[in-house]
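Just the heavy atoms: all of them, side chains too, but no hydrogens, waters or symmetry mates, feed the values below.
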Amino acid sequence: MKNVIEDVTCAGCCCVCDNIQVTTDGQQILDVQTTCPQGQAWFAQSRQTEKRQPLIKGVDASREAAIARAAGLIQEAQSPLLFGMGQSAVDAQRAAISLADLTGATIDSGASAATRALQQVGEASCTLGEVRSRADLIIYWNAENLRANAHHQQSLVPPGEPVSGKIVTVGSELPGDSRGVDLSLTVSVEDEFEILWRLRALLKGVALEGTTAGELASLAALMQQSSYIVIFFGPASPDERLFHRKLEALSLLAREIQAERRCHTINVPATGATKGAEPVLAWQTGYAAAVNFAAGYPRFSPCEYSTVKMLEQGEVDLCLLIGEDPLTGLSDQAIQRLQQFPLIHVGPVPLVDLQPEVYIPTGISGIHAAGSLYRFDGTPLPLRALISTQQASEAEILNQIETLLKPVMHIC
């Protein structure tokens with residue numbers, strides 16, 4: 001019997017649209033409406049879920065054997081690392097934190113650079129609802145993928161209504177579709193830090209010279225004419241080392257603008273990811289990324305415990321990757337390092353470029369399992385179980401691994 005489910009949440013990208021209509025027969029998804037190609041691809045993954053088997057060194061194994069092998073590898077490790085969770089539900093993120101606490105591991109969401117900046121200067125942010133209702137100037141700073149997303153645009157402007165505010169894009173490339181864009185600035189990644197400081201100077205009335213002075217003056221004029229400014233700031237590239245400095249400069253810019261008018265920033269995650277584990281890490285440990293439990297309590301050090309640095313410096317002897325596409329944000333050197341020690345992957349989709357020693361397939365949160373996750377503006381949204389599966393959820397697998405490890409770790 002066909003079942004039409006309204007207002008389904010899609011975790012296919014950071015927009016996390018919650019107005020999707022899905023038709024199922026209880027066993028599989030028959031049709032998905034009002035979603036983008038990324039969302040279609042995300043829902044389509046459910047067709048392959050039942051075919052996936054647990055693997056130990058590439059050979060089919062039972063789920064129990066794979067979980068036991070994963071627990072054994074974690075027990076033997078001296079410096080385990082948990083990473084990923086970009087599209088994982090909150091219960092899976094909580095289970096990962098609990099496992100890291102039990103084993104003295106490091107856990108990171110990949111947002112250590114952003115967290116480092118916001119720990120230094122703070123953040124003034126808002127929800128997409130505020131952007132839609134109040135913003136009269138929206139700046140996409142290295143966030144062209146978000147601006148080009150049709151569902152994102154629909155979330156800001158109701159169908160049939162004109163765009164009420166100004167749109168500005170800033171990035172290393174010109175926008176592919178400039179319709180609706182009032183001003184576009186081309187800035188290389190290497191020059192972004194300088195441009196942010198020059199923009200701060202212009203807003204304070206300091207005269208500037210140079211090739212970008214005219215374009216920056218136009219942007220500064222738009223900002224001075226606006227009453228509510230929102231800046232969507234894109235993610236760091238894998239090999240970018242000074243991203244936290246740029247984010248610090250952006251946060252300082254927003255703080256200075258707020259002396260006269262409203263200005264908020266929203267950090268946009270990498271393509272395909274949602275908010276990530278930062279909110280859950282923050283309210284579970286006090287820190288949003290790069291948390292180490294080796295001392296028996298959580299410690300935060302983005303210079304020491306970020307995933308990329310630990311991998312590149314050879315400070316990891318086991319890595320547990322969690323969720324779909326868990327390699328997002330890693331440098332090429334860090335990915336190469338992953339091949340030099342035992343690797344465990346718990347998630348709905350197997351890795352393409354790496355073969356872990358243990359792979360445990362899971363259902364997809366929001367398709368096979370209920371729960372919640374955070375949209376990239378920090379808004380929690382519910383996930384619903386649409387169809388059944390024989391696969392366990394990410395949280396269930398992580399909890400089973402922890403259950404096996406508790407007696408060994410002498411934890412009651």
Side-chain angles (χ1 to χ4, degrees), residues 1-5 8-13 20 22-33 35-71 73 83-89 91-92 95-96 271-274 319-328 335 338-339 342-371 373 383-401:
M1 177 182 295
K2 290 186 178 181
N3 182 24
V4 178
I5 307 172
V8 173
T9 300
C10 168
C13 70
I20 310 302
V22 178
T23 302
T24 78
D25 62 1
Q27 301 299 318
Q28 59 182 341
I29 294 175
L30 304 177
D31 183 55
V32 178
Q33 294 184 0
T35 187
C36 62
Q38 273 184 289
Q40 290 282 3
W42 183 75
F43 282 105
Q45 292 174 5
S46 62
R47 301 169 188 165
Q48 304 297 323
T49 301
E50 301 301 317
K51 301 177 182 179
R52 296 189 173 113
Q53 297 294 322
L55 302 174
I56 299 178
K57 294 185 177 180
V59 179
D60 288 354
S62 67
R63 181 189 301 166
E64 293 73 18
I67 291 173
R69 179 56 179 158
L73 291 172
F83 182 70
M85 303 166 285
Q87 288 175 295
S88 298
D91 58 348
T271 302
T274 55
C319 186
L320 170 56
L321 297 173
I322 302 167
E324 180 184 346
D325 198 13
L327 303 181
T328 300
I335 293 175
L338 287 174
Q339 305 176 43
L343 187 63
I344 303 167
H345 180 209
V346 175
V349 181
L351 301 175
V352 176
D353 300 324
L354 296 174
Q355 180 176 302
E357 179 154 342
V358 179
Y359 168 60
I360 306 176
T362 67
I364 303 172
S365 298
I367 296 179
H368 302 110
L373 83 168
L383 298 172
R384 298 155 73 177
L386 307 177
I387 56 178
S388 61
T389 180
Q390 64 177 357
Q391 306 288 10
S393 68
E394 293 175 16
E396 289 171 336
I397 296 296
L398 294 173
N399 286 330
Q400 290 175 31
I401 293 174

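Taking K2 as the reference, T23, L30 meet the side chain to side chain contact (heavy atoms under 4.5 Å, CB included) condition, with sequence neighbours excluded. Here D353 pairs with nothing under the side chain to side chain contact (heavy atoms under 4.5 Å, CB included) rule; sequence neighbours left out. Here Q45 pairs with E324 under the side-chain hydrogen bond (donor to acceptor under 3.5 Å, both in side chains) rule; sequence neighbours left out. In this view, E357 and R69 satisfy the side-chain hydrogen bond (donor to acceptor under 3.5 Å, both in side chains) rule, not counting sequence neighbours. When the side-chain hydrogen bond (donor to acceptor under 3.5 Å, both in side chains) test is applied to D31, the partners found at least two apart in sequence or on another chain are Q33. With sequence neighbours excluded, no residue forms a side-chain hydrogen bond (donor to acceptor under 3.5 Å, both in side chains) with S46.
The CG atom of L327 sits 5.0 Å away from atom CD1 of I335, with the distance rounded to the nearest 0.5 Å. Note that the OG1 atom of T9 and the CG atom of L386 stand 9.5 Å from one another [nearest 0.5 Å]. Expressed to the nearest 0.5 Å, how far NE2 of H345 lies from CG of L351 amounts to 5.0 Å. Atom CD of Q87 is separated from atom CD1 of I322 by 14.0 Å, given to the nearest 0.5 angstrom.
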| query | Going through the checks in order, is the side-chain contact (heavy atoms from CB on, under 4.5 Å) test met by V349 and D325? | reply | CA-CA 8 Å; V349 181; D325 198 13; over 6 Å; no
| said: Checking I397 against R63 for the side-chain contact (heavy atoms from CB on, under 4.5 Å) test, could you report, in this order, the C-alpha distance in whole Å, the side-chain angles of both residues, the deciding distance, and whether it holds? | reply: CA-CA 9 Å; I397 296 296; R63 181 189 301 166; 4.0 Å; yes
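Side chains of Q391 and T49: a donor-acceptor N/O pair is absent below 3.5 angstrom, by distance only.
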